[in-house]
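Shown next, in structure tokens, is the structure this report addresses.
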Amino acid sequence: MTFRSRLFATVALPLLSASLIATPSLADALSKPFEVAQESSDEGQPSEEELLLLKKQQEEQRQAEEQQRQAEEQQKAAEDQQRAAEQEAQRQAEEQKAAEESAQPAAEEEQPRAERKGKKRHQQEQQSEEQQPSEEQNAVGEDTQRQAEESAQPAQEEQQRPKKERKGKKRQQQEQQQTEEQQPAEEQNADTQRQAEEQKAGEESVQPAEGEQRLQKERKGKKRQQQEQQQTEGQQPTEEQPAMTGEGTPAETEGQPSTAEQPADAEQQPATAEDGEAAGRKKAPAVVETLSEEQKQEIAADPSKTDETVVLPVENGAAVLDSDKDADNAGGQKSRDQRRKKREELRAEEEAAPMPESDVSAQAPISDEVREALPQRIDAAIKEKGERLDAAPVFEVPQTTNVINNTVINNTVVNNNTVNNNVTHVNVVEKVDNRMVLSIGNQLVVRGDDRERLRHDSEEVYYDNLARGRVRETIVRPGGVRLVTIYNRYGDIIQRSRIGRDGDEHILVYAPDLGDDAPRPDFVDVGYELPPMRLRIPVRDYIIDTSSNPDRDYYDFLAEPPVERVERVYTIDEVKNSARLRDKVRRIDLDTITFATGSAEVPMSQARTLRKVADAMQKVLDKDAGETFLIEGHTDAVGSDKSNLILSDERAESVASLLTDVYGIPPENLQTQGYGERFLKVRTQSAEQQNRRVTIRRVTTLVRPVAQN
């Protein structure tokens, strides 16, 4: 069998066989009928479970096609390798031929010399016959002949010796080359067969935990890599790199909750980001809870009667307001005491300010001049001539920024009344897919790129460079609907509008108070410029838990105005970066979606629990298509800050995608952000299901001017 035949038998044939095996299996997986019970009230319409299952199957089909494409690429690589081997063999043959041709003239040169000597000897013999030479002349002739033969023999042996050596070397090189080429070919064949078997097994058995297992494997690999690096450098884990990073199996720590103490779903899951207390974690300062459960219940029913921090009336309940949680994490009891004193000082002023009765009354007035100029300014940005880009831009990361920190200096909490401006370096800690974790001051934050999610059902996407470092993205959807977004060089949204088929424009995000030329600092929590917030409505009217309020009218709740006056229109990034701003609007905790430990996947059985909330959101959008909802992701306190930030952002994106794919909520009306373990609902370092949640807020009044009636 020739080398080419052996290579075909070991590489190409298994690849073709794998593709033939995978195709029927894929077709069989896609042809399976839906077996999910349909509980939708609309006859003839697929249920949310079926839509979610279809989405999973489409994703699996895409993965199968990707694996087949990789197999084809491997086959092509094997063919290229075979061609390279043939070219190398041909080159060596040509070199050998050239060497033989170069040696031939030397042999030919020796041959005339021997022939001349032979002719000379023949002439001498003929002369001796004619002249009858003496015996001495005959002896001389014999000596001459002997010398000629002896001189010719070494030359011939010298010529033949390199030729034999070259042939032996050539044979040895060919055998070595065949051995080296056959070994990777066999390895590729084994890898190809293994991939085909995994692909077939994946298509025949679709498990909901597949994504979680893949995430866990990746996290374990990263953890091993970090541990090896630490061992090499001789470093010990620090707070930024704890012994248990949350990306794999946690390190054993003292005080770690036992399996029996964890929730049932945690017991059934492998150890991951949230299964044990992180070694080396910096614990939040202590807070002394002196109120009884009855007192907490009374305060929750009417928070306006107290200046204390309002907490959830449950065991180890955390503060209700996210800005109070930040203060507790930074300063503990000292911070609570200072905020209580500040609320006492501002009580009369706050009570004199009426509660907003509508979005219009909640928003600070915009001058008539600015309001009249808004359509022209927005339209000018949409129609501004720019330079077309060939590909999607990669946004910059600011090297430094002015960060307003909530810090403790000399046992004094610096927040709310005093603004602490620091020129702080921004460092990229890690990049994972479309997310990056940034270190800013004394905090880690995660920034996601949602452009891929916004391209849902798009027909065309293109970008234009505009003046002053701005970039305009245009997404064209079926029927001519356009989504136009203006970004600054860092990817912050300056403006976003949706233009319908009829040309009507709906503004989703725009802050006229800043203007296009105004400086836009990144990562600044502008909420620290505001005094501590006083909650003046019952907690049950501020927070809805979908598990305990299944019959609540979610539309009426979402349509309610902010609970506090909005000083100006903010950018969506300012809202994401400020707990104090988000506290102005109510929230729905989707606690019916019980995320498994370390997982961002929404179980199919829980998908229908979003129906009522999704219907309420759609009802809000039917009234105003420019509404914006913020989807927040959260984790419990187990694991590293970095891994929990990534996981929480994945959870927010997972719910947003579900709302779009199953319930039809336009993706541009949904903003997502992960906060990791920063805003716990229950103050515990152990695994806690209530902390693994997603929250929804309607933030329209914060991010765009409200239309005047």
Side-chain angles (χ1 to χ4, degrees), residues 300 303-304 307 309-310 312 318-327 339 342-343 346-347 349-366 404 406 415-417 419 508-514 524-544 554 556-589 617 620 624 626-632 634 670-671 673 675 678-679 681 695-707:
S304 63
D307 299 320
T309 296
V310 181
L312 289 175
V320 171
L321 301 176
D322 283 353
S323 56
D324 281 344
K325 293 174 185 175
D326 265 349
R339 292 169 71 82
K342 189 62 180 178
R343 288 189 180 103
L346 299 175
R347 170 178 282 277
E349 181 179 343
E350 291 175 350
E351 290 178 347
M355 287 279 294
E357 297 180 355
S358 65
D359 287 351
V360 174
S361 63
Q363 199 172 75
I366 300 175
I404 300 177
N406 183 13
N415 67 350
N416 302 315
N417 297 324
V419 177
L508 287 87
V509 175
Y510 185 71
D513 295 335
L514 294 180
V524 174
D525 188 346
V526 296
Y528 286 132
E529 300 174 353
L530 305 176
M533 179 175 168
R534 179 193 299 275
L535 186 63
R536 294 190 286 168
I537 62 173
V539 172
R540 70 179 304 273
D541 292 334
Y542 181 74
I543 303 174
I544 285 184
Y554 298 125
D556 287 345
F557 183 84
L558 288 174
E560 289 288 343
V563 298
E564 185 186 55
R565 188 173 180 81
V566 179
E567 296 75 20
R568 64 173 174 86
V569 179
Y570 298 93
T571 68
I572 187 63
D573 294 282
E574 286 176 329
V575 173
K576 289 181 178 181
N577 294 333
S578 175
R580 180 64 177 85
L581 294 184
R582 296 192 303 276
D583 282 342
K584 292 176 178 289
V585 294
R586 308 159 205 256
R587 75 176 194 244
I588 298 178
D589 284 349
M617 296 171 68
V620 172
D624 183 354
E627 297 277 0
T628 297
F629 300 93
L630 178 61
I631 314 296
E632 306 172 10
H634 302 275
L670 306 175
Q671 293 283 337
Q673 180 62 44
Y675 295 102
R678 181 176 173 185
F679 303 112
K681 198 170 183 178
T695 293
I696 297 179
R697 303 180 197 256
R698 185 178 71 91
V699 296
T700 308
T701 314
L702 304 179
V703 299
R704 66 147 213 207
V706 178

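If you read the sequence from its start, that first residue is 1, and numbering goes on from there.
Of the inter-residue distances, the one linking Arg534 atom CZ with Asp583 atom CG reads 14.5 Å to the nearest 0.5 angstrom. Taken to the nearest 0.5 Å, the CG atom of Leu321 stands 8.0 Å off from the CZ atom of Arg339. Glu564 contributes atom CD, which lies 10.0 Å from atom CG of Leu535 (distance to the nearest 0.5 angstrom). Here CG of Leu581 is found 11.0 Å from OH of Tyr528. Values are rounded to the nearest 0.5 Å. Once rounded to the nearest 0.5 Å, the distance linking CD of Glu632 with CD1 of Ile696 reads 10.0 Å. From Ile366, atom CD1 reaches atom CZ of Arg568 across 11.5 Å, with rounding to the nearest 0.5 Å.
Side chain to side chain, Tyr570 and Arg704 fail the donor-acceptor criterion of an N or O pair below 3.5 Å.
Tested against Arg587 for a side-chain contact (heavy atoms from CB on, under 4.5 Å), the candidates Asp322, Leu630, Ile544 yield a single pass: Asp322. Residue Glu560 is tested with Arg586, Arg698, Lys584 for a salt bridge (charged side-chain N to carboxylate O under 4.0 Å, His left out); the sole match is Arg586.
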Quiz prompt | side-chain contact (heavy atoms from CB on, under 4.5 Å) evaluation trace for Met617 with Leu558 | solution = CA-CA 8 Å; Met617 296 171 68; Leu558 288 174; 3.8 Å; yes

Quiz item: When you look at Leu530 and Glu567, which way does the side-chain contact (heavy atoms from CB on, under 4.5 Å) test go after all the steps?
Solution: CA-CA 10 Å; Leu530 305 176; Glu567 296 75 20; 3.9 Å; yes

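In terms of heavy atoms, Ala364 sits closest to Arg565 at CA-NH2, 3.7 Å. Taking each heavy atom of Val706 and Gln363 in turn, the nearest pair found is N-OE1, 3.0 Å. Shortest non-hydrogen contact noted between Tyr542 and Phe557 is O-CZ, 3.5 Å. In this structure, Val585 and Arg697 approach most closely via the heavy-atom pair O-NH1, 3.3 Å. In terms of heavy atoms, Pro562 sits closest to Ala362 at CD-CB, 3.7 Å. The minimum heavy-atom distance between Ala579 and Ser323, with the atom names listed, is CB-N, 3.8 Å.
Panel note: side chain Asp541, backbone Ile537; no donor-acceptor pair is recorded below 3.5 Å. In this structure, the side chain of Ser578 does not engage the main chain of Glu574 through any donor-acceptor pair within 3.5 Å. At least one donor-acceptor pair under 3.5 Å links the side chain of Arg582 to the backbone N or O of Val575. The backbone N or O of Ile588 lies less than 3.5 Å from no partner atom in the side chain of Tyr554, so there is not a single donor-acceptor pair. At least one donor-acceptor pair under 3.5 Å links the side chain of Thr700 to the backbone N or O of Thr628. Within the 3.5 Å criterion, the main-chain N or O of Ala319 finds no donor-acceptor partner in the side chain of Asp324.
Using a 4.5 Å heavy-atom threshold, the side chains of Glu627 and Asp624 count as touching. Residues Thr571 and Val703 form no side-chain contact, since every pair of their non-hydrogen atoms from C-beta on lies 4.5 Å or further apart. Put simply, the side chain of Val569 does not reach to within 4.5 Å of the side chain of Tyr510, judged on heavy atoms. For the pair Pro705 and Pro512, the minimum side-chain heavy-atom distance is below 4.5 Å. At a threshold of 4.5 Å between non-hydrogen side-chain atoms, the residues Thr309 and Arg343 count as touching.
Between His634 and Phe679, the ring-plane angle classifies as perpendicular under the 30° and 60° cut-offs.
Under a 4.0 Å N-O distance rule, the pair Arg580/Asp525 does not qualify as a salt bridge. Under a 4.0 Å N-O distance rule, the pair Lys342/Asp307 does not qualify as a salt bridge.
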